[in-house]
There are 2 protein chains.
Amino acid sequence: MKKRPTIKDIARATGVHASTVSRALDPDSKKRNLLSAEVIERVREAAETLGYRPNRQAAGLRISRTWSVGVMIPDITNTLFPPIVRGIESVLEPRGYTSIIVNTDNIAERETRLLFVLRERGVDGIINGAAQRTDPKMAQVAAAGIPIVTLNRKVEDGTIPYVINDERQGIRLAFRHLYDLGHRRIANIAGAQSYSTGQMRLEAFREICAEYGIAEKDAPIVAADSYNEAEGQRCAGRILDDDPDVTAILCANDRLAIGALKLLRTRGIDCPGQVSVTGFNDMPFLDFLPLGLTTVRIKQFEAGQTSARILLQMIEESDRAAPMQTVLPVELVVRESSAPPRST
Amino acid sequence: MKKRPTIKDIARATGVHASTVSRALDPDSKKRNLLSAEVIERVREAAETLGYRPNRQAAGLRISRTWSVGVMIPDITNTLFPPIVRGIESVLEPRGYTSIIVNTDNIAERETRLLFVLRERGVDGIINGAAQRTDPKMAQVAAAGIPIVTLNRKVEDGTIPYVINDERQGIRLAFRHLYDLGHRRIANIAGAQSYSTGQMRLEAFREICAEYGIAEKDAPIVAADSYNEAEGQRCAGRILDDDPDVTAILCANDRLAIGALKLLRTRGIDCPGQVSVTGFNDMPFLDFLPLGLTTVRIKQFEAGQTSARILLQMIEESDRAAPMQTVLPVELVVRESSAPPRST
DNA sequence: TTGAAAGCGCTAACAG
DNA sequence: CTGTTAGCGCTTTCAA
């Protein structure tokens, strides 16, 4: 196991000083321009033939950089996240960065600890796809000067750049779709209010109801504690118990919708015959469902890409201000879970 | 953004030399035992109050370690892999390691390049979940002294430790299940023969057919080029074209099985009424399928854990020999896609 | 039992 | 344009 060549080896081979080699190989042309073309060429060749590869650990120790970024997500086994992760990777990898992916499971203390782990690792920046609406730890990290951007969710603090989806428009598309089908008693299973998505989607629902002149009692709302199927079941149950005349349930997320569908099946209520259901996110594998779910598609891969690009800009061009707010477009995907209400 | 305290700061605070601090804080007790208990205690306290955290970059530069491992998988968007990745993470993280996950997409040149990226990153070891049966690059890396273990698949070269599932037993369970249901014309969609899984599962199929005294013509085999739904469709089509009397299709993997199911639906052939289908892996979200797939469950999370443990042993206890071959148990999961053949 | 000194591989002043 | 020097934070001889 012979060790790999260093800058010194190249210096020896070319007869110039190590620092000259460093300069010749620096990707920043401002430094290279100070050297004679001839030396640069010689150094390049020597590096090539020796198979030189810079030692990032050493360079990093010197300039305190690691060319790694932390990626925080709730849980990679949630199919929503793999495409996002690949989007991130697709811009990071070509630029020489690697990502350290950590799963918070939406547990606050785990998030805190992982944040600590990432800082200790000296990551050059963080993409947080698991942020809470208020997140003091996060703001603290940002204040400490570590580039950070949130993905899918935003922190209300206002200092952290974010990339989110057009939640408002998504809810409006779903609502209008149901309304246009003829539904007039549309319930809402809202998401956890501790996430910006939960809060924004609920707000959008209230807003459009008001716009359409629908009274609050005709648009019952139950907020879930978290985004999962069990909560979807529970909330759907409560809605139907309180208000058996509901003909459609607009859910703040696909997993809640899947739970709602499950409950309907349990109770022998036909979907979409008796009750229509819509989701949000268009998670992969949704089309495996026996009944296709009408939902709002978000740009998963692109969201990953965009957040990574913004983070890189923050890391590498700290002079240029990075965009603070990026909102990606969404689109409605109509499948089988929505239909006109039974015309009783 | 005040920088974090170094070993020097502690030295100054306690009045001892930096090297003494290093020794006092060394987790290896052999080194600490040389120091007086009093000094160790003082250093510990100072480290605590200053909030000292060792700088891995610096330590790594010195001892050439990074406390990071590379994890190669085909594609994180394949739901089979997230549980594996979390299994790996669950043992790595508590021991202070992070994992760098890369997706090969089963493209050889991508694999080569990523392997290069990982080496350049100086990972302490590699878990390869995307290995080919013959993989010179891999053997080369292993020979270079970088700890490496393969996961799910094995390299035939024989020098690389592996953690795989009991492919043979899995195929036998599926076959017996079909046979016991009464099937006598069982076809096989085999996996790509460039992966050990494809090869082993096919071998097991041939073996058990022979055991049951089934002639080769009564057990048609078509090998897929890769593990995906399109190939499953194609292969199932060929099987039914050549041999319309087949009553069951045993697939080397779930995705092939999903493809086969799709083809049956296309042709209006009822499953399990006319043709039964089985898969392999028990991928998450399989239960979303309109028709539950009978399959062989592999221990995904545990496989991740086991491979990580073995890798850590190779890294940290290079003296103790790591287990070369680990075969995890599998179990049959019976769902709706298998039933007795129509008794025509 | 502790200190001194060297060096891992690289970059960044500062000279010249 | 290029060489010299110093040092990032840590570990590890070698002395004392």
Side-chain angles (χ1 to χ4, degrees), chain A residues 1-44 46-47 50-67 96 119-122 124, chain B residues 1-44 46-47 50-67 96 119-122 124:
Chain A
M1 177 154 90
K2 54 181 169 301
K3 64 193 214 334
R4 54 198 233 192
T6 73
I7 234 169
K8 264 189 191 163
D9 297 318
I10 301 180
R12 204 171 309 119
T14 51
V16 300
H17 194 265
S19 60
T20 306
V21 175
S22 172
R23 283 187 277 250
L25 264 25
D26 196 307
D28 181 3
S29 58
K30 279 157 209 152
K31 297 192 188 136
R32 263 183 297 128
N33 281 346
L34 306 178
L35 300 190
S36 70
E38 187 263 331
V39 169
I40 293 183
E41 196 41 46
R42 252 182 31 228
V43 169
R44 282 250 172 92
L50 291 180
Y52 170 78
R53 300 271 67 210
N55 180 326
R56 282 200 157 85
Q57 292 235 110
L61 177 58
R62 184 62 232 247
I63 64 179
S64 47
R65 289 275 307 275
T66 57
W67 295 277
R119 294 188 62 173
E120 192 177 336
R121 279 273 158 183
D124 296 338
Chain B
M1 176 152 91
K2 56 181 168 302
K3 64 196 213 336
R4 53 199 233 191
T6 73
I7 233 170
K8 265 189 190 161
D9 297 318
I10 301 181
R12 205 172 308 120
T14 52
V16 299
H17 194 263
S19 59
T20 306
V21 174
S22 172
R23 283 187 277 251
L25 263 26
D26 197 307
D28 180 3
S29 57
K30 279 157 209 154
K31 297 192 188 138
R32 263 182 296 125
N33 282 345
L34 305 179
L35 299 190
S36 72
E38 188 260 329
V39 168
I40 293 184
E41 195 41 45
R42 249 179 37 224
V43 169
R44 282 248 171 94
L50 291 181
Y52 171 78
R53 301 271 66 211
N55 179 327
R56 281 199 157 87
Q57 293 235 110
L61 177 58
R62 186 60 233 249
I63 65 180
S64 47
R65 289 275 307 276
T66 57
W67 295 275
R119 293 189 62 174
E120 192 176 337
R121 280 272 158 185
D124 296 338

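In what follows, every chain begins at residue 1, and chains take the letters A, B, ... in the order their sequences are listed.
- If you check dG9(C), dC8(D), dC10(D) against the side chain of Lys8(B), the one that comes closest is dC8(D).
- To the nearest angstrom, P of dG9(C) lies 11 Å from CZ of Arg12(A).
- Side-chain proximity of Val39(B) to dT2(C), dC10(D), dT11(C): nearest is dT2(C).
- When the P atom of dT11(D) is taken as reference, atom CD1 of Ile63(B) falls 7 Å away, rounded to whole Å.
- No side-chain donor-acceptor contact under 3.5 Å links Gln57(A) to the backbone of Arg62(B).
- Asp9(B) has its CG atom 9 Å from the P atom of dG9(D), to the nearest Å.
- Comparing Arg62(B) and Ala59(A), the nucleotide of DNA chain C nearest to each residue sits closer to the 5' end for Arg62(B).
- Counting to the nearest Å, the P atom of dC10(C) and the CG atom of Leu25(A) are 9 Å from each other.
- A distance-only check finds no donor-acceptor pair linking the side chain of Thr14(B) to the backbone of Val43(B) [under 3.5 Å].
- Of all heavy-atom pairs between Trp67(A) and Arg121(B), the closest is O-NH2, 2.6 Å.
- Between Thr20(B) and the phosphate of dG3(C), there is a side-chain N or O to OP1/OP2 separation shorter than 4.0 Å.
- Between the CG atom of Asn55(B) and the P atom of dC8(C) there is a distance of 18 Å, rounded to whole Å.
- Among the nucleotides dC8(D), dC10(D), dG3(D), the one closest to the side chain of Val16(A) is dG3(D).
- The Arg23(A) side chain lies nearest to dG3(D) when the options are dT2(C), dC8(D), dG3(D).
- Within 4.0 Å (heavy atoms only), Ser19(B) reaches at least one base atom of the nucleic acid.
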> Given the rule in the side-chain contact (heavy atoms from CB on, under 4.5 Å) test, do Ile10(B) and Leu50(B) qualify, once you have shown the distances and angles that lead to the verdict?
Replying inline: CA-CA 8 Å; Ile10(B) 301 181; Leu50(B) 291 181; 4.0 Å; yes
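- His17(A) has no side-chain polar atom (N or O) that falls below the 4.0 Å cut-off from OP1 or OP2 of dT2(D).
- Note: CZ (Arg121(B)) to P (dG9(C)) measures 18 Å, nearest angstrom.
- Residue Ser22(B) places no side-chain N or O under 4.0 Å from the OP1 or OP2 atom of dC10(D).
- At a cut-off of 3.5 angstrom, the base of dG9(C) holds no donor-acceptor pair with the side chain of Arg4(A).
- When the nucleotides dG9(D), dT11(C), dT11(D) are ranked by their closest atom to the side chain of Ile7(A), dT11(C) comes out on top.
- Remark: Ser36(B) is in phosphate contact with dT2(C), judged by side-chain N or O atoms under 4.0 Å from OP1 or OP2.
- Nearest nucleotide to the Pro54(B) side chain, out of dC8(D), dC10(D), dT5(D): dC10(D).
- Atom CG in Asp26(B) sits about 15 Å away from atom C1' in dT2(C), given to the nearest Å.
- Separating the CG atom of Leu61(A) from the C1' atom of dC8(C) is a distance of 9 Å, rounded to the nearest angstrom.
- Side-chain N or O atoms of Arg4(A) include one that pairs as donor or acceptor with a backbone N or O of Pro54(A) at under 3.5 Å.
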>> Determine whether Asp26(B) and Arg23(B) satisfy the following criterion, salt bridge (Lys or Arg N to Asp or Glu O under 4.0 Å), listing intermediate values before the conclusion.
In response: CA-CA 5 Å; Asp26(B) 197 307; Arg23(B) 283 187 277 251; over 6 Å; no
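- For dG9(C), its base never sits under 3.5 Å from the side chain of Arg56(A) at any donor and acceptor pair.
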